[in-house]
Structure formats: C-alpha cells, structure tokens
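Below is one structure, written out as structure tokens; comments come after it.
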Amino acid sequence: MLLLLIALMFGCQAELNPPICESETGVINEGWIVLWEGHSYRWRDLSHRIAFLRAGVALPAEDGSFYADLGILGGSWADGRNYRDHPSYELSHRRVRAQGLVAWYGEEELLIEPDGSASLEVEVDLTELELPSRDRWAVALRGICMDMDIPLLPGYDGSYSGDEGWTPQGFGANLSATNVNAKEQRAHFTVNAHFQPGRLDRVHHNQALEFARIATHVRYTLLGFNDGALQHGLVEASAFYPSRGRIHSDIEPIPEEELRLNWQGAPDLPNALPLLRGFDIDLNASTDTERPGRYLREWAAQLEGFSYERETGRAQALMDGYVSHSSLIQEGDLEVDFHAEVDLLQLADPFAEFHQGRVAGEQPVLGTWSHPVDPIEE
C-alpha cells in the first residue's frame, strides 16, 4: 500500500534507451590507453531488482578522449511503469601512455544459465591482430554488461519476464591471469561471469528462477610490454548488517583494512599502476539461504586509491567494495562477501604518464547511456 501511494504521488513515465551491450574492439599500438577501475551505482529513492547493468570504458581516441559506457534498469518500480526512480553513478578510470606499451581492447559474450555462472576459454591470436611482439602480457577487466531482457529457458509457462529484473544473490566478472605462447604468439585466459538471481518476496519471480538467463558481455584489455614486472593481488572482505524489519538502515562501509591490497614488487622500476582483473559480490551466503536475493539501493566495486614506492617496489591499493539495501522497505538482513582481483603492473619507462580520473553524476535517462570524457591536455 505504501509503494502504491508513492507511485500515485510521484510516478511518471521514464525516458528509456534500449539496453545495448556490444562495444567497439580494437588495437592501440601507441598513445593513450584507458583502463577501467570499476564503478558504483545508487538509486535515489528505493531499492530495486537489476534488469540491466552496463559499466566500462570504450576504445579511446588518439588524443586520450573516450566514452565511459554506463546503463541501468531496475524493473517496473524504477523505469516508470509503477514508479520512476533516479540513479546516480561513478566510474573510475586511469589513462596511461608508456614507451612500448600496447593494447588490444576485446570483448566476449556469455550466456549465464540458472546456475548463475558462465565461463569461456579465450585465445587471442596476436599476429592476426597485428599487435607488435612483446615479451610480457597482462590482462585487465574493461567493463561488464548484463541484460536480463531475453527469453527464459524453454518450459516456463508463467507470467514473469526478464525485463522485470532479478533480485540478486550475487554478481561479478573476472579474468584469469593470461598465458602467452611466445612461439605461436597466442594469448590464453579464461573469462568468468556471475549473476545469481535469488529468491525473495515475489511468487512469480521465484517460480521463474530456474528458467532465468542473463545475456552477458565481458570487456577486457590485453596489455603487452617488454621490460617490467607483474604481481597478482586479492581482496576478500565481508560484513553483516542486521536490518530485518527496519527502515532506512545505516549501512556502514566495510573497514578499509579489509579492502586494502599490498604488493611487494620488484625494486627500482620507476612506474607502476593497478589492473582490476575482477570483482565479485555474494549476498546472504550463510545467513538467509531460504531467501538470499535482495532489492539493492547501492553497490560499489572500484579502486579508491593507489600508491607506489619506486625504490622498494612496494605498492598499496584501496578498493571500494560496498552494498546497501537501505530503503523504505528492507527484505531481511544483509550479509555481504566482496572479492576483487587486482594486479600490480610495473613499467621500466621512467617517462610513463598517468592520469587517474572519475566521472560521476545522475544518469539522465535509463538504459544504455555514455558519458564523454575529454582529451588530456598536453
């Protein structure tokens, strides 16, 4: 009844762009390379299901300008059918230009089945792409896109459709470390995607779970370099928020000490940068196994800070890993398990250039949307 009154008072038709996941791919042999360092989303008024999620960086122009690709839909209580809510976003990025550093901006399409996960073995023919030969290769996540508006598995005869979205029990994407056959010039790695819809309060939604499918695109950047070093890193953090029966619970951030990474890299390499290789969010894995799904008001999975000591090779990064269901209606407590894989890439070029940035604001339309990022002033 409360939601109905809100809809009658404030509901309005939303401007919607159709959900589109495909992005441009291409080679960068020299010049600015743009790296994705994660994203966050927050709804202004209510918590929602996820019906479409897009966050990543597009292929940059020669002057370092690019588009931050975004997009979100949250079902009928977000898109204007019952109520129009307003999302705000952040997207972190880092631009780098270094001697000998090259990149391939790729993308893979996966279909997540009802078990909540999908995996794909990727082989990149570096010769075919006309990428210059390099001694070392690393891979970083360039973005994700998840679209729920696709047909459910055959056999479902109910009334629920994917464009209503799913209450997530968990979601994320990651890439394995890359392995390169130097003789054949082929790079190999695994792409993993995760979106697990979880049971909650809607009967028709719950009946459709075993037929749910999510069309997923995982973007990546394959980086080639000669002199340098690569170290892997992992963040594992968790939190529990007792909030059952409350309204607008105070969801505190996970303590920074749980979200900090430390690397001991090779000493005396002049420059370094972090590479986000994956993130994953799991909800209510042990505390609410009967109804683990949640309407979400906010989430974040992005790099918050980075520092590097040239003399020692030590580096440190801080992740922002956060989930909140604080809203007018909160379906149960909230248990959060957050994981992120971040690598340290050290470069031998003493004149390498770096520009860390973040775009933020309120997304003016729902669905697919892109934020232009200006070129770097020389």
Side-chain angles (χ1 to χ4, degrees), residues 1-16 39-53 70-90 148 160-171 195-206 208-209 239-254 281-284 287-301 320-336 338 360-367:
M1 180 62 69
L2 187 56
L3 288 177
L4 179 59
L5 289 173
I6 292 173
L8 292 173
M9 291 173 62
F10 302 108
C12 63
Q13 187 62 39
E15 182 182 353
L16 300 177
H39 78 292
S40 70
Y41 259 112
R42 185 180 192 276
W43 291 99
R44 186 184 70 184
D45 299 325
L46 302 170
S47 294
H48 297 285
R49 288 159 284 173
I50 297 178
F52 176 68
L53 169 61
L70 299 153
I72 192 168
L73 289 168
S76 60
W77 281 93
D79 65 16
R81 284 176 285 175
N82 293 326
Y83 181 70
R84 167 46 159 125
D85 208 345
H86 300 268
S88 56
Y89 63 86
E90 288 187 357
M148 287 63 175
Y160 199 81
S161 60
D163 67 342
E164 288 284 354
W166 307 101
T167 49
Q169 180 179 339
F171 59 97
F195 190 100
Q196 181 65 68
R199 294 176 59 85
L200 197 54
D201 60 325
R202 293 172 179 256
V203 174
H204 294 304
H205 168 279
N206 294 343
L209 288 179
F240 177 72
Y241 305 98
S243 51
R244 188 183 303 273
R246 301 180 187 178
I247 294 176
H248 294 300
S249 292
D250 188 13
I251 307 296
E252 294 289 337
I254 296 174
I281 294 169
D282 282 304
L283 304 177
N284 312 310
T287 57
D288 197 351
T289 56
E290 292 299 314
R291 301 199 326 158
R294 288 293 181 269
Y295 301 102
L296 296 184
R297 177 81 173 276
E298 182 179 0
W299 66 85
D320 181 7
Y322 181 75
V323 181
S324 173
H325 71 332
S326 178
S327 185
L328 193 63
I329 295 177
Q330 297 172 181
E331 293 283 346
D333 301 330
L334 183 66
E335 178 190 8
V336 179
F338 178 79
E362 184 175 289
Q363 186 167 318
V365 297
L366 297 178

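Just the heavy atoms: all of them, side chains too, but no hydrogens, waters or symmetry mates, feed the values below.
- Contact between S249 and S243 at its shortest, heavy atoms only, is OG-CB, 3.1 Å.
- Shown here are the side-chain contact (heavy atoms from CB on, under 4.5 Å) partners of N206, two or more places apart in sequence or in another chain: R199, L209.
- Enclosure of atom CD in E290 is not indicated, since only 12 or fewer non-hydrogen atoms of other residues, nucleotides or ligands lie within 6.0 angstrom.
- One finds the OH atom of Y41 at 11.5 Å from the CD atom of E90 (value rounded to the nearest 0.5 Å).
- Once rounded to the nearest 0.5 Å, the distance linking CH2 of W43 with NE2 of H86 reads 9.5 Å.
- Among residues two or more places apart in sequence or in another chain, the side-chain hydrogen bond (donor to acceptor under 3.5 Å, both in side chains) test is passed with D163 by S161.
- Partners of R291 under the salt bridge (Lys or Arg N to Asp or Glu O under 4.0 Å) rule, at least two apart in sequence or in another chain, are E331.
- Between atom CH2 of residue W299 and atom CG of residue L53 there is a gap of 5.5 Å, rounded to the nearest 0.5 Å.
- Every residue meeting the side-chain contact (heavy atoms from CB on, under 4.5 Å) condition with R244, not counting sequence neighbours, appears here in chain and number order: D288, D333.
- By the side-chain contact (heavy atoms from CB on, under 4.5 Å) test, S326 is found to be paired with H248, I251, S324, Q330, residues two or more places apart in sequence or in another chain being considered.
- Applying the side-chain hydrogen bond (donor to acceptor under 3.5 Å, both in side chains) rule to Q169 yields no partners; only residues at least two apart in sequence or on another chain are considered.
- Under the side-chain hydrogen bond (donor to acceptor under 3.5 Å, both in side chains) criterion, Y322 pairs with no residue at all, not counting sequence neighbours.
- To the nearest 0.5 Å, the span separating CZ on R84 from CG on L366 amounts to 4.0 Å.
- Put simply, the side chain of V365 does not reach to within 4.5 Å of the side chain of L16, judged on heavy atoms.
- Annotation: the span from I254 atom CD1 to F338 atom CZ amounts to 7.5 Å, rounded to 0.5 Å.
- Ring orientation note: the planes of Y160 and H205 are nearly perpendicular, at an angle over 60° on the 30°/60° scale.
- Using a 4.5 Å heavy-atom cutoff, the side chains of I329 and Y295 are not in contact.
- R49 pairs by the salt bridge (Lys or Arg N to Asp or Glu O under 4.0 Å) definition with E164, not counting sequence neighbours.
- Taking the side-chain hydrogen bond (donor to acceptor under 3.5 Å, both in side chains) definition, one finds that D85 meets it with H48, sequence neighbours left out.
- For Y241, there are no ring-ring contact (aromatic ring centres under 6.0 Å, His included) partners at least two apart in sequence or on another chain.
- Summarising the geometry, atom CG belonging to L296 is positioned 8.0 Å from atom CD1 belonging to I281; distances are rounded to the nearest 0.5 Å.
- For W166 and F195, the distance between ring centers is not under 6.0 angstrom.
- Qualifying side-chain contact (heavy atoms from CB on, under 4.5 Å) partners for T287, counting only residues two or more places apart in sequence or in other chains: F240, N284, E335.
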